[in-house]
Amino acid sequence: MLFNVAGLLKSSSGIKQLEAVDGTFDVSWCGDSCSVKGTVLLVRTDSGIWVSGKLQTCTPLQCGSCLRLFRQNFEIRIEEEYLPYRDLISGAIIELRDYEEGFRIDSDNLVDLTYAIREYSELAMPLAPRCERNCRGICSCCGTDLNKKNCLCSTGERDLRWGPLLDLLEAEKS
């Protein structure tokens, strides 16, 4: 997801450019890819390019209950400033100050949104995703997926200290 911003960098502050985003990036933990669609607004600032966008992602996740892989749609909003690597007029490398950090416009004047979109997508993901609202998970004894079939493990062992809470859980299931 590269965008050439050489024209914007030559412009004065406040000049805007609207771009469509339609691409994918790899998700390292599962070997799958995430699709991204939407629009971004690129605005020339006094020091670089401000990127503001509203994007839809379809991300592969692993259910926190039954461990099954599934896809979930997320809406993310990006607000980032990209600072140039080189001065367009002199060609000199621009060094960042200690308080400046973040994304850079590469030496070919291209803005790569892949890393920002990946970071924002990861922040939008739930900590314990569920494949279904009522996912029953897996049996803690034998590992059977309880969404597909019931297991034959005996759950008759009860710790009496948890008795009242276990009664509430059993009442909720029925």
Side-chain angles (χ1 to χ4, degrees), residues 1-135 137-138 145 147-148:
M1 291 167 271
L2 297 170
F3 299 97
N4 189 335
V5 293
L8 273 179
L9 289 173
K10 292 177 184 176
S11 303
S12 60
S13 294
I15 301 298
K16 301 174 183 178
Q17 180 177 325
L18 188 65
E19 294 285 346
V21 176
D22 187 5
T24 61
F25 62 89
D26 292 331
V27 180
S28 60
W29 65 268
C30 70
D32 204 349
S33 62
C34 178
S35 64
V36 180
K37 291 184 181 195
T39 57
V40 292
L41 181 65
L42 308 173
V43 181
R44 175 68 165 114
T45 64
D46 60 341
S47 57
I49 303 292
W50 185 265
V51 177
S52 178
K54 184 177 177 181
L55 305 169
Q56 298 289 328
T57 65
C58 184
T59 307
L61 297 172
Q62 186 174 28
C63 180
S65 203
C66 69
L67 307 178
R68 186 172 49 137
L69 289 176
F70 69 102
R71 294 187 155 284
Q72 187 169 351
N73 295 320
F74 293 105
E75 182 178 294
I76 58 172
R77 298 188 71 80
I78 291 182
E79 299 290 337
E80 287 292 336
E81 185 173 25
Y82 283 73
L83 301 173
Y85 180 73
R86 289 192 181 275
D87 184 279
L88 280 180
I89 297 169
S90 68
I93 295 175
I94 300 173
E95 298 293 329
L96 293 180
R97 296 178 195 95
D98 290 339
Y99 61 87
E100 294 177 320
E101 59 181 62
F103 299 105
R104 298 291 300 257
I105 301 168
D106 70 9
S107 59
D108 294 328
N109 299 315
L110 296 174
V111 168
D112 187 359
L113 296 181
T114 306
Y115 302 108
I117 292 172
R118 181 179 289 130
E119 287 181 6
Y120 279 81
S121 295
E122 289 175 359
L123 287 173
M125 290 180 197
L127 293 176
R130 301 283 182 191
C131 60
E132 298 173 12
R133 185 172 173 262
N134 296 324
C135 178
I138 59 175
D145 185 350
N147 295 312
K148 294 179 181 176

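Quick caveat, the model's predicted, so the values are computed rather than measured. When a residue number appears, it is its place in the shown sequence, counting from 1. Heavy-atom basis, side chains included; hydrogens, waters and symmetry copies ignored.
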Peer 1: Let me check something: any side-chain donor-acceptor pairs from residues 127-135 under 3.5 Å, sequence neighbours excluded? List them with distances.
Peer 2:
unit_1: R130; atom_1: NH1; unit_2: S65; atom_2: OG; d: 2.8
unit_1: E132; atom_1: OE2; unit_2: R68; atom_2: NH2; d: 3.4

Peer 1: Is a side-chain donor-acceptor pair under 3.5 Å present for T59 with Q72?
Peer 2: no

Peer 1: So, for C34 and T57, which heavy atoms are closest and what is the spacing to 0.1 Å?
Peer 2: SG-CB, 3.9 Å

Peer 1: Show the nearest heavy-atom pair for residues P126 and F74, with the distance to one decimal.
Peer 2: CD-CZ, 3.4 Å

Peer 1: Roughly how far apart are K54 NZ and R77 CZ, rounded to 0.5 Å?
Peer 2: 5.5 Å

Peer 1: To the nearest 0.5 Å, tell me how far R118 CZ sits from I76 CD1.
Peer 2: 11.5 Å

Peer 1: Can you sort out the partners of D112 under side chain to side chain donor-acceptor pair (under 3.5 Å), two or more places apart, ordered by chain and number?
Peer 2: T114

Peer 1: Hey, are the side chains of E80 and Y120 touching, using non-hydrogen atoms and a 4.5 Å cut-off?
Peer 2: yes

Peer 1: Would you give the length of the straight line joining atom CG of L61 to atom CG of L69, rounded to the nearest 0.5 angstrom?
Peer 2: 9.0 Å

Peer 1: Hey, what do you get for OG1 (T39) to CD (Q56), rounding to the nearest 0.5 Å?
Peer 2: 10.5 Å

Peer 1: Identify the heavy atoms of F70 and Q62 that sit nearest to each other, and give their distance.
Peer 2: CE2-C, 3.9 Å

Peer 1: State, to 0.1 Å, how close M1 and T24 come at their nearest heavy-atom pair, and which atoms those are.
Peer 2: CE-O, 3.9 Å

Peer 1: Using the side-chain contact (heavy atoms from CB on, under 4.5 Å) definition, which of the options L18, V51, I78 pairs with L41?
Peer 2: L18

Peer 1: Using the side chain to side chain donor-acceptor pair (under 3.5 Å) criterion, which residues pair with E119? Sequence neighbours excluded.
Peer 2: none

Peer 1: Test of understanding: with side-chain contact (heavy atoms from CB on, under 4.5 Å), list the residues that count as partners of L123, not counting sequence neighbours.
Peer 2: none

Peer 1: Once side-chain contact (heavy atoms from CB on, under 4.5 Å) is applied, do any residues pair with I138, and if so which ones, sequence neighbours excluded?
Peer 2: C66, L67

Peer 1: To the nearest 0.5 Å, what is the distance between CD1 (I49) and CG (N109)?
Peer 2: 9.0 Å

Peer 1: What are the two closest non-hydrogen atoms of Y82 and A116, and how far apart are they?
Peer 2: OH-CB, 3.4 Å

Peer 1: List the steps, then state whether side-chain contact (heavy atoms from CB on, under 4.5 Å) holds for V111 with F103.
Peer 2: CA-CA 9 Å; V111 168; F103 299 105; over 6 Å; no

Peer 1: Within the 4.5 Å heavy-atom criterion, are L9 and R44 side-chain neighbours or not?
Peer 2: yes

Peer 1: Would you please name every residue forming a side-chain contact (heavy atoms from CB on, under 4.5 Å) with T45, sequence neighbours left out?
Peer 2: S47, W50, E81

Peer 1: Return the set of residues passing side chain to side chain donor-acceptor pair (under 3.5 Å) with R71 (not counting sequence neighbours), or none when no residue passes.
Peer 2: D32

Peer 1: Does S11 have any side chain to side chain donor-acceptor pair (under 3.5 Å) partners at least two apart in sequence or in another chain, and if so, which?
Peer 2: none

Peer 1: Among all residues two or more places apart in sequence or in another chain, which pass the side-chain contact (heavy atoms from CB on, under 4.5 Å) test with L110?
Peer 2: L2, N4, D106, D108

